[in-house]
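Accompanying notes for the structure given below.
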Amino acid sequence: MTLIDGKATAAQIKKEIAAEVEKMVADGHKRPNLAAVLVGHDGGSETYVANKIKSCAECGFESTLIRFEDTVSEKELLDKIAELNADDNIDGFIVQLPLPKHIDEQKIIEAIDYRKDVDGFHPVNVGRMSIGLPCFVSATPSGIMELLRRYEIPTAGKNCVVVGRSNIVGKPVATLMMQKGTDATVTVCHSRTQDIKDICSRADIIIAAMGKPGFITADMVKEGAVVIDVGTTRVPSSETKSGFRLKGDVDFENVAPKCSFITPVPGGVGPMTICSLMRNTLQAAKQR
Ligand code: GUN
């Protein structure tokens, strides 16, 4: 069994990006600038955004953090997005999700100029990705693809089961896995799927992305399978300073011995996600 080290891979990619940025700067270009909009004080969102800002520094980017209280109106948020769309100093920006209930998330996503949508959530980017055109691919799916590439995991003709059908992970990763060049045969399972155990146990590659801690158990996994765990549920823990720890969608302890490759949580897909955001921001800066 090979443990896929997302943390080390991400550190390597950040070094590659930083080297590219220094070359750009030496050639007289400005540093890429990523803005992050954070609404409220959700613990998870705070951590994610702090890590994104930290990664910007590691990659030699500028970053801009814009905060709103969770009482912000949809109009105020839309006005800020219009401002960021027009701001020549900002190459790309993200609005951290989830947003408070009184704000229409889809409306916010669609207000972002797709050329600055480094999250790859805008329907133009989603549509372009689905037909294989150049675009910003959303961070988690592209992080998963990068791990498969860097670990030289064969995908052509393989049976890939994606568990979860979210717009952010399940749907886009299923699309990428079936695309020409990757060539997996993809099945997508979700909360209404029958015989999920049977379907998973025939998979060469399982991508678990439904947000149910420990859902994928050893009896659902074939000997030699590749298991990619996207789950990051915060569960209470007496062993950490923060009082919680991240738990994946895979029962790692019992599943790992059966796998050819597996990602841990934390330290697997998570760190790669931020790298993909950095890569998209660099691409946005180059395109501008
Ligand atoms: N919330 C959870 N993941 C993401 C992400 O990749 N981007 C944004 N904007 N919000 C998120």
Side-chain angles (χ1 to χ4, degrees), residues 6 10 13 34-56 61 63-68 70 72 74 77-78 80-81 84-85 90-101 103-114 116-126 129 135-147 164-173 175-176 207-213 228-234 244 246-249 265-266 268-281 283-284:
I13 293 173
L34 172 73
V37 177
L38 176 57
V39 178
H41 299 274
D42 172 77
S45 294
E46 291 270 3
T47 307
Y48 288 134
V49 170
N51 285 334
K52 288 170 187 177
I53 299 288
K54 188 170 148 241
S55 292
C56 281
F61 295 2
S63 60
T64 310
L65 173 60
I66 299 150
R67 299 194 74 123
F68 289 100
D70 54 14
V72 68
E74 190 175 277
L77 212 46
L78 288 169
K80 178 50 78 178
I81 289 171
L84 292 168
N85 283 340
I90 300 291
D91 296 299
F93 66 97
I94 62 150
V95 178
Q96 188 66 25
L97 305 178
L99 292 170
K101 293 231 168 355
I103 294 171
D104 181 344
E105 263 179 25
Q106 195 55 33
K107 199 165 163 187
I108 297 297
I109 289 169
E110 290 185 38
I112 299 172
D113 183 332
Y114 72 90
K116 291 192 175 188
D117 167 41
V118 285
D119 257 333
F121 292 168
H122 191 284
V124 169
N125 283 316
V126 177
M129 183 211 57
C135 63
F136 294 121
V137 177
S138 65
T140 305
S142 84
I144 294 168
M145 301 311 290
E146 190 63 26
L147 280 180
R165 56 174 160 180
S166 70
N167 290 340
I168 293 183
V169 186
K171 277 183 206 154
V173 83
T175 302
L176 293 172
I207 301 177
M210 67 295 209
K212 288 199 177 136
I228 307 292
D229 190 351
V230 190
T232 50
T233 307
R234 285 155 64 102
F244 72 87
L246 292 181
K247 189 160 166 51
D249 288 346
V265 175
V269 174
M272 292 297 293
T273 295
I274 293 189
C275 275
S276 306
L277 178 66
M278 299 296 117
R279 173 79 44 219
N280 281 352
T281 305
Q283 187 189 324

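Given the structure is predicted, the values throughout are model-derived calculations rather than measurements. Along the sequence shown, residues are numbered consecutively beginning with 1. Whatever order the structure lists ligands and atoms in, that order sets their numbers, starting from 1.
- Counting only distance, with no hydrogens or angles, the side chain of Gln283 and the backbone of Phe136 share no donor-acceptor pair below 3.5 Å.
- Note: an N/O pair closer than 3.5 Å links Gln96 and ligand 1 by distance alone.
- With sequence neighbours excluded, the residues forming a salt bridge (charged side-chain N to carboxylate O under 4.0 Å, His left out) with Lys80 are Glu83, listed by chain and number.
- At distances below 3.5 Å, at least one donor-acceptor pair connects side-chain atoms of Asn125 with backbone N or O atoms of Tyr114.
- If you look at Glu105 next to ligand 1, there are no close heavy atoms at all, none under 4.0 Å.
- Residue Asp119 touches ligand 1 through its side chain alone, judged by heavy-atom distances below 4.0 Å.
- Using a 4.0 Å heavy-atom cutoff, Phe121 is listed among the residues neighbouring ligand 1.
- For ligand 1, the polar-atom distance check against Leu97 finds a nitrogen or oxygen pair separated by under 3.5 Å.
- In Val95, the part holding a heavy atom less than 4.0 Å from any atom of ligand 1 is the backbone.
- Between the side chain of Asn85 and the main chain of Ile112, no donor-acceptor pair closer than 3.5 Å is present.
- Shown here are the side-chain hydrogen bond (donor to acceptor under 3.5 Å, both in side chains) partners of Glu105, two or more places apart in sequence or in another chain: there are none.
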